[in-house]
Amino acid sequence: MAGLLGIFAFDEAWNVSRFLYFSMKAIRNRGQESSSMVTYSTEFSEIDGLGDVEEVLSEEKVESLRGHIGLGGVSTERRKIFQGQKGKVRVLFSGVIKGVGENLKAAEYLSKEMNSFRELEEFVSFLEELDERIYGSLLALGEGFLLSYRDSSGIRPLLKGNLGFDLAIFSSELASIDVIGGDYFMDLNPGEINFLDKYGLRKEIIGEKKRKFCVFEYVYLSRHDNVWNSIHVEEVRNEIGRQLAREHPPEEDSVVIAVPETARPFANGFSQEAGIPQRLGFERIGRHVRAAIKPTQYERLMGIQLKHNVIRSAVWGKKVYVLDDSVVRGNTLRNTVYWLRRRGAKEVHVRIGSPHLIHPCRYGIEVPIRDELIAAHNTEEEISRIIGADSFRYLSTEGLIKAIGLKESELCMECMKGASNGGD
Amino acid sequence: MGETKTLLIGSGAREHSIAQALHRSGARVSVLMDYLNPGIRKVSKESGGEIFLGDTNDPGRAVEVSKKVNPEFVFIGPEEPLFRGVSDHLIEEGFHVIGPPKELAMIEMSKVYMRRLQEKYSIPGRLRFKPFKSERELEEFLKEYEEVIDASVALKPARQAGGKGVKVIADQKVFLRKEARELEVKHGKRIIEEGLSGELEEKFFLEERGYGVEYTLQVFSDGEHVLPLPVVHDHPHYCPDFMGSECGGMGSVMGPGMDYGIEDKLPRRGKWVLQENYLTPFINGWEYDRTVEIIQKTIEAMEKETGEKYKGVISGQMMLTPYWGPTVLEYYSRLGDPEAVNVLPIVENLLEVCEALIDEKLNRVKLEIENKATVVKCFAPRGYPDHRREGKGKELLINESEIEKRGVRVYYGSIYLDSGKMLTGGSRAVELFSKGDFIEECSSRIERVTEYLSLRNWELFHRPEIGSENAMRIMAEEAQKAKWRYQRLLKEGRLGEERVSWLPRKGKVEVFSS
C-alpha cells in the first residue's frame, strides 16, 4: 500500500515544499516504511528515505526543496519510493497493474512508460489502453504539470480540495487537505483524470470497469476523518459498532473497550446501541505506530505491546467486550486478551468490526497469503480458544455492507468472500 | 421595429443581453462597441438600430455617436467608460444616461473609497481593511499582526482593474504563516510594478477574508428609489471544481434549486420578495432585504458626499458571512457579467424600467420577470485568464440553431467578426444561458449542447459543475455555516461587533481577523 499526496500552486510565486511536509503527516497511516517528497520548479528536487515521515523528513530538510508543484508519498514497502525513477515524470501509485506488479513496482513502470508525455491527451490514451489491467490511484509530477487519476473501478481513494484560489491538493486522505487549511473537497470519480498546468485544470473520465470500492478502506485503512465516495468513514465505523451489537447483543452488566486507534468509533457505536458503558481500556506507551501494517511479526508484536497497556480500573472484575478492526494472524489479539486477563478482567469477549479475512488481496494491500490467515483455517469457536477469549464474533458481510450503505455490487470484498464476488 | 431610440455602449455578453432585453421590450437599439460583436450586431439590426465602432472609453466618441443617434437614453454597460467620464460628458451634453458619473462610479473604481464610506456612515456588512502605499509598509504591519488564528486576507489593488491583481491569501495555520506572508509582500510589490492602481496614492490594501457563500444583488437606482433584481451566485474560480485563481466569473446561477435538507429557520419571505422564487436556495427573505437596505444606504451616503443622485445600476458583490450575514465584498457601478445574463433574458419590460429610471419614477414600475431558475456558463479559450494572448484570434465554430433547439441561448462575449469569421479576443468568449424550474436542471441542459461549440485547433473550456448537485451542495453547506453563526449574533444584537483576542500581559486587543 502507498499513501499519495500532490500539491499544485496556480501562482508560481508559492513554494509548496512545507505545505507538502505538513500534509504528509496526515497520510502516515498508509505507510511507515518509506517516505519521499519531490518538488519541481525548473528542475526536480527530492528527499527519498526509508522510515516514517517523521524520521525521513523535518522542517529543516524540507526547506531545501523549492517549487510550485510537488508530490509526497509513503509506502508500506521498505524501499525508496523514487529510487527507480530518474526520468522526467515522477509517479506515486497505490494499487496494482496486472502483469506488472503492485505499488512501487507499478509506479516505476508508469514513470518509465509515461516519461515522454507532456499533454493530457497522451496520458489519456495511455491510461485508456491500460484500463483493463490497472487498479488503483496515481499521481504524476512532470516538468510543469501534475496529473491525478483514479482508475475506473475506483478501488482506492483519491480526493481533491483547494486552498482558496491558490492551491489544488490531491490526497488519499482528507486530513491532508484540512491540515494546511484547505476548504472544498470532493472525490475523483472512478476513471477521472485531472491534469494541471499553467493553463489550469482539465478533466477527463475514462475506462469502464465495474465499481470495486475496497471495503477495507472503511474498516481499517482510512483515517477516521476521511470521506470517501461522499461517505464519512467515522459514520461507517460507528454504524459497524452498532451492527455488531445488534448481531450479537452483549450481556447487560458488561463494559466495552476499544483496541486503539481504529476501533474507537466501533466501541462508540457498540456502547450506544447496546446501552452498556464504554471505558478507556488502554493507554499508549511511545508514539503512534500502525502495528498491523508492520512487515515482520516481531515488529507487529512490539508495536502492539507498546500500544496496548491495559488500564486496570477499566477492566477489573468486569465482563469486557473488546472491539478490534480485523484479525489477520491472531497473534496480536492473543497478546491483548492475555494482558486483559492479567490485569483483572473477569471475562473477555472479542468482537471484530469486519468479516473474516480468508484471501490475500490482489490489489496491492498487504493481506498475507492464505496459509498465514487464521480465519482461513479456523471457525469463530476455534479462534476464540486460540486467542484465549470467552467468546469471539465477526461482523457479518451483510452487516458490513449495510454499515457502508453502498450496493454490494459496487464493493470489493474479495479478501472476505473470495473472488466470486465479481472477481475477474 | 422599435419606436424608442436607445444607445447602448459596450461590447460583451452582458451588453448582448441588455440589447436583447431592450429590443424585446420595444426599443430600437443602436450601439457603440469596441469590436464587432456578432450577437449585439444581430439584435441591433433586428431592432432597426445603427452600429458604431470605436473606443467605448472615449467620451468624445460617445458624445459624437449620441448626437447622431439622438436616443431617449444612453445605457452604459461596462465600468471602464464610467471611470473615464463618459457618463459625465453625455450628461453635460444633455443626454439621459443609465450609468453614473465618474464621481459616483468611485464606489467601484476605488475600493478604499468604498470601505471608508461604509465606515463613515456605519453601513452594515463591513470588512476590516487597511490601505498601503508600499510593500515596505505592509511588511511592517504584518509584523504586528501575529496573534490571530485566521490571518487570511484579500490583497487588492486600490483601483478596480477588471478583477486583475485581486488575491485572496489563505493563512489559517501558524506553521505556514511564513509562506503566506512572503507571498503577500511579493504580491503587493507586483501590484505596484504592474501599475494596477495607476495614479492613486494608496496602491493596494488588505482586507479580511470573508467566509461564506457569494452572491450578487443588482439594483436599478433613479437616485430616489431602487428596483432590485433577483439574487445571482457567481463562480469566480476559473477552473472546474472550485480550483484556480479568481477571474471575472465562469458562470452563475439564479432562482430555485433542489432542497439539500440543510436547516434554515428564518422566514424565507421578505418585503422585496414578490415571489418566493426570487431567492436562491441559500438566500432567505431577511438576507435579501438586508442587502437591499445596505445598497440603499450606500446610495444615500454617496449623495451626501457628492450632492449627486445615483442614476444607473449598482450591484452589491456580497458574501453571507458568519459575523454580519450580508457583507459587502465590493460594488459594481453597473450590471455584473455574467450575472446580467442570468436575469435580463427573462425580464419583459427593461425599456419601461429604463424610462422610469430616467424619470425618477422607479417606484411606479414593477419588474416583469418570469418565475424561473437560470444558469449561465462561460466558455473561454485556453489561456484565459493568465495567458490571454495565447487564446486570441482563434476561430469559433458554433451551431447556434442546434443549441437553441435544445433550449439553450447563446450570448457572445469576447468574440469579434472579421471577414465572415468569428474570432476570439482572449477573454470569456461565449456565455450559454438556460432557464427551467430548477438550477440543476438548467445546468444539465447546457452540458447537453457543449458539442456544438468549439474553437478551431484550440481548446475552449468551461466549468461543467456550475449548478450541478455537487456544486450546489457545497455552496449550501458553506452558506449554512455562516447562517448558524450570524443568526445567533443577530438574535443577541451583536452583528458586526468588534473581534477581540486576549493576549497574556496585554489583555484584550482588537484583531484584524479571527
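Proteins come first, then strands; the chains are lettered A, B, ... in the order of their sequence lines, and each starts at number 1.
- Looking at B/Glu390, the atoms closer than 4.5 Å to chain A (heavy atoms on both sides) all sit in the side chain, from C-beta outward.
- Using bins of under 30°, 30° to 60° and over 60° for the plane-to-plane angle, the ring pair A/Tyr218/A/Trp228 lands in the tilted bin.
- With a 4.5 angstrom heavy-atom cutoff, A/Asp178 touches chain B only via backbone atoms.
- The closest side-chain heavy-atom distance from A/His68 to A/Lys198 is not below 4.5 Å.
- Of all residues in residues 185-195 of chain B, those placing a non-hydrogen atom less than 4.5 angstrom from a non-hydrogen atom of chain A are B/Lys186, B/Arg190.
- Among the candidates A/Leu196, A/Asp11, A/Asp183, the residue making the largest number of heavy-atom pairs closer than 4.5 Å to chain B is A/Asp11.
- Among the candidates B/Lys167, B/Glu179, B/Gln172, the residue making the largest number of heavy-atom pairs closer than 4.5 Å to chain A is B/Glu179.
- For B/Asp386, no part sits under 4.5 Å from any heavy atom of chain A, backbone or side chain.
- Only the side chain of A/Asp166 comes within contact range of chain B, judged by heavy atoms closer than 4.5 Å.
- A salt bridge does not link A/Glu239 with A/Lys402: none of the charged nitrogens is closer than 4.0 Å to a carboxylate oxygen.
- When each of A/Val62, A/Val74, A/Leu71 is tested with A/Met37 by the rule side-chain contact (heavy atoms from CB on, under 4.5 Å), just one qualifies, namely A/Val62.
- In this structure, chain B has heavy atoms under 4.5 Å from both the backbone and the side chain of A/Phe19.
- For B/Phe461, no part lies near chain A; criterion is any non-hydrogen pair under 4.5 Å.
- Within the 4.5 angstrom heavy-atom criterion, atoms from both the backbone and the side chain of A/Phe165 approach chain B.
- The nearest pair of heavy atoms linking A/Ala175 to A/Arg223 is CB-NE, 3.4 Å.
- Counting heavy atoms from C-beta on, the side chains of A/Leu141 and A/Ile69 come closer than 4.5 Å.
- For the side-chain contact (heavy atoms from CB on, under 4.5 Å) with A/Phe170, the qualifying choice from A/Leu159, A/Ile7, A/Leu188 is A/Leu188, the only one to do so.
- Most heavy-atom pairs under 4.5 Å with chain B, from the set A/Ser230, A/Gly181, A/Gly182: that is A/Gly181.
- Both the backbone and the side chain of B/His237 have a heavy atom closer than 4.5 Å to some heavy atom of chain A.
- Two rings, from A/Phe195 and A/Phe145, have their centers less than 6.0 Å apart.
- For the set A/Asn15, A/Val179, A/Leu167, A/Val16, the count of heavy-atom pairs under 4.5 angstrom toward chain B peaks at A/Val179.
- Looking at B/Leu183, the atoms closer than 4.5 Å to chain A (heavy atoms on both sides) all sit in the side chain, from C-beta outward.
- A cation-pi contact links A/Arg90 to A/Phe44, judged by a cut-off of 6.0 Å to the six-membered ring centre and 45° from its axis.
- The residues A/Glu410 and A/Lys212 are annotated as not salt-bridged, no charged nitrogen and carboxylate oxygen being separated by less than 4.0 angstrom.
- Between B/Tyr323 and B/Arg485, every side-chain heavy-atom pair lies at or beyond the 4.5 Å cut-off.
- Aromatic ring pairs are classed by plane angle as parallel below 30°, tilted from 30° to 60° and perpendicular above 60°; the pair A/Tyr199 and B/Trp458 is perpendicular.
- Counting heavy-atom pairs closer than 4.5 Å to chain A, the top residue among B/Gly244, B/Ser245, B/Cys239, B/Gly383 is B/Gly244.
- Taking the centre and axis of the six-membered ring of B/Phe242, the NZ or CZ atom of B/Arg463 falls inside the cone set by 45° and 6.0 Å.
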